[in-house]
There are 2 protein chains.
Amino acid sequence: MRKQTSSNTINKNNLETNCGMAYAISVLSGRWKQSIWGFLLDNGKLRYGELKRKLIGISEKMLINQLKELEKDGLINRIAHPEVPPRVEYELSDKGKTLENILVLMSSWGTKNADNRIKT
Amino acid sequence: MRKQTSSNTINKNNLETNCGMAYAISVLSGRWKQSIWGFLLDNGKLRYGELKRKLIGISEKMLINQLKELEKDGLINRIAHPEVPPRVEYELSDKGKTLENILVLMSSWGTKNADNRIKT
DNA sequence: TCAGGTACTAACAAAAAAGTTAGAAATGCG
DNA sequence: CGCATTTCTAACTTTTTTGTTAGTACCTGA
């Protein structure tokens with residue numbers, strides 16, 4: 001899908017491979033990823049449908065999409081039970097859990113600083 | 001420019017206003033912002049042209065664009081000297097500097113974890 | 001007077017991200 | 001059989017982000 005030769009993609013890859021900070025931000029940068037991460041931290045395992053109910057406003061496409069990316073980046077585990085109707089659970093992986101310290105800091109930085117924002 | 005009623009924008013705003021974590025990530029999420037932040041941390045003040053030379057591959061439009069956003073979010077200060085030819089310096093604001101702890105953590109998390117990435 | 005350096009701006013185009021809508025597979029149950 | 005349940009796909013559109021290219025304004029100094 002993605003054109004690997006566009007200068008857009010080239011620049012992005014350079015930054016991500018050269019800089020751990022950029023990589024860290026990139027794995028958390030989807031519109032819904034932080035929320036998903038937070039719900040999984042609070043709840044342990046959650047089924048697809050439970051996540052959908054918690055993430056108010058998300059579409060099925062975006063939910064799958066964000067879950068797939070988080071899984072690809074190794075932050076979550078997908079546990080599929082071979083049943084019908086299907087039952088799929090998601091949970092933070094060990095790698096995903098190692099973000100906790102950082103994200104707690106970011107969260108408190110954010111709530112402390114968001115109000116200082118200069119309005120447009 | 002931006003349509004404030006699209007569900008895209010609504011979702012984005014909801015997440016950013018409800019969650020400090022999302023706000024923190026959003027102010028750092030431009031393609032070049034982390035690099036700009038890093039150079040300003042290392043160098044103190046930098047002129048527009050100096051930044052441009054350091055940010056290899058950036059276009060003038062993107063440089064201005066990212067600087068304007070960082071300024072709007074209060075992370076950097078813009079110091080314009082009334083001279084000809086113009087001289088404009090950028091530096092981290094106090095608010096911008098408060099991100100240092102977090103970004104150092106993120107950076108080391110990133111370099112530690114980027115290799116574990118599951119390739120496509 | 002006119003090129004040169006500096007920090008931008010504007011108009012447009014391409015690419016990526018997000019959203020919408022419709023539907024598919026698989027099986028148990030009435 | 002036909003329907004419900006659950007987790008996803010696929011095709012398509014809209015919105016946002018990023019990139020390209022060509023300028024501009026200003027004074028200085030030759």
Side-chain angles (χ1 to χ4, degrees), chain A residues 1-16 22 25-36 45-53 55-72 76 78-90 120, chain B residues 1-16 22 25-36 45-53 55-71 76 78-90:
Chain A
M1 256 27 107
R2 193 176 281 180
K3 201 174 178 185
Q4 293 297 340
T5 52
S6 66
S7 51
N8 194 323
T9 299
I10 290 169
N11 285 339
K12 191 171 175 182
N13 289 344
N14 282 347
L15 293 175
E16 284 178 24
I25 288 179
S26 80
V27 303
L28 291 166
S29 276
R31 172 77 45 89
W32 303 90
K33 286 185 188 166
Q34 304 115 45
S35 304
I36 292 172
K45 286 194 188 98
L46 283 176
R47 297 183 61 172
Y48 174 85
E50 292 173 317
L51 278 168
K52 190 169 62 166
R53 255 168 274 129
L55 293 162
I56 295 164
I58 199 171
S59 67
E60 308 237 312
K61 180 200 149 180
M62 282 309 293
L63 178 51
I64 284 291
N65 178 292
Q66 304 279 286
L67 289 169
K68 288 263 177 286
E69 286 189 22
L70 287 166
E71 192 192 357
K72 176 163 76 76
I76 65 175
R78 177 179 181 278
I79 306 154
H81 299 87
E83 302 171 7
V84 168
R87 184 160 64 95
V88 180
E89 292 177 309
Y90 293 91
T120 323
Chain B
M1 248 34 102
R2 192 177 282 180
K3 201 173 178 185
Q4 294 298 337
T5 53
S6 67
S7 52
N8 192 325
T9 300
I10 291 168
N11 284 339
K12 188 171 178 185
N13 289 343
N14 281 349
L15 293 173
E16 285 177 23
I25 288 180
S26 80
V27 302
L28 290 166
S29 277
R31 173 78 44 90
W32 304 91
K33 285 186 189 167
Q34 304 116 44
S35 304
I36 292 172
K45 285 194 186 96
L46 283 175
R47 297 184 61 172
Y48 174 86
E50 292 173 317
L51 278 168
K52 188 169 62 170
R53 256 167 273 130
L55 294 162
I56 295 164
I58 199 172
S59 67
E60 308 238 313
K61 180 200 149 178
M62 282 309 293
L63 178 50
I64 285 290
N65 178 293
Q66 303 279 287
L67 289 169
K68 288 265 178 283
E69 287 188 23
L70 287 166
E71 193 191 356
I76 65 174
R78 177 179 180 277
I79 306 155
H81 299 86
E83 302 171 7
V84 169
R87 184 160 64 94
V88 180
E89 292 177 310
Y90 292 92

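To find a chain, count down the sequence lines: A is the first, B the second, and so on, and within it residues start at 1. On a predicted model such as this, the values are computed, not experimentally measured, just so you know.
- Per the geometry, CG belonging to A:L46 stands 15 Å off P belonging to D:dT6, to the nearest Å.
- Between the CG atom of A:N65 and the P atom of C:dG19 there is a distance of 10 Å, rounded to whole Å.
- For B:M62, whose side chain is taken as the heavy atoms from C-beta onward, the closest listed nucleotide among C:dG19, D:dG23, D:dT18 is D:dT18.
- Of the candidates C:dG5, C:dA26, D:dT9, the closest approach to any side-chain atom of A:V84 belongs to C:dA26.
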Go through it in stages, so that I can follow the logic: the residues are B:K33 and B:L70, the test is side chain to side chain contact (heavy atoms under 4.5 Å, CB included), and I'd like the CA-CA distance, side-chain angles, deciding distance and then a yes or no.
CA-CA 8 Å; B:K33 285 186 189 167; B:L70 287 166; 3.8 Å; yes
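- Remark: P of D:dT18 and CG of B:L55 are 14 Å apart, rounded to the nearest angstrom.
- Listed pair B:R78 / C:dC8 meets the phosphate criterion, a side-chain N or O lying under 4.0 Å from OP1 or OP2.
- Rounded to an integer number of Å, the gap from CD1 of B:I36 to C1' of D:dT18 is 13 Å.
- Comparing A:K68 and A:P85 against DNA chain D, the residue whose closest nucleotide sits nearer the 5' end is A:P85.
- Between the C1' atom of C:dA7 and the CD atom of B:E50 lies a distance of 13 Å, rounded to the nearest Å.
- Comparing A:Y90 and B:G30, the nucleotide of DNA chain D nearest to each residue sits closer to the 5' end for A:Y90.
- For the pair A:E89 (side chain) and A:K45 (backbone), a donor-acceptor distance under 3.5 Å is absent.
- Straight-line distance from the NZ atom of A:K52 to the C1' atom of D:dT9: 14 Å, rounded to whole Å.
- Note on B:Q66: only backbone sugar-phosphate atoms sit closer than 4.0 angstrom, heavy atoms only; bases stay farther off.
- Side-chain contact between B:Y48 and B:E60 is present, with heavy atoms from C-beta onward closer than 4.5 Å.
- Rounded to an integer number of Å, the gap from B:K33 NZ to D:dT17 C1' is 11 Å.
- Listed pair A:R47 / D:dT7 meets the phosphate criterion, a side-chain N or O lying under 4.0 Å from OP1 or OP2.
- Here the options are A:L51, A:I36, A:I76, the test is side chain to side chain contact (heavy atoms under 4.5 Å, CB included), and the partner is A:L46; only A:L51 passes.
- Distance CZ (A:R53) to C1' (D:dT5): 12 Å, rounded to an integer number of Å.
- Among the nucleotides C:dG19, D:dC26, D:dT6, the one closest to the side chain of A:R31 is C:dG19.
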Start with the C-alpha distance between B:Y90 and B:E50, add both sets of side-chain angles, then the distance that settles side chain to side chain contact (heavy atoms under 4.5 Å, CB included), and finish with yes or no.
CA-CA 10 Å; B:Y90 292 92; B:E50 292 173 317; over 6 Å; no
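- A donor-acceptor contact under 3.5 Å is not formed by the side chain of B:K61 with the base of C:dT9.
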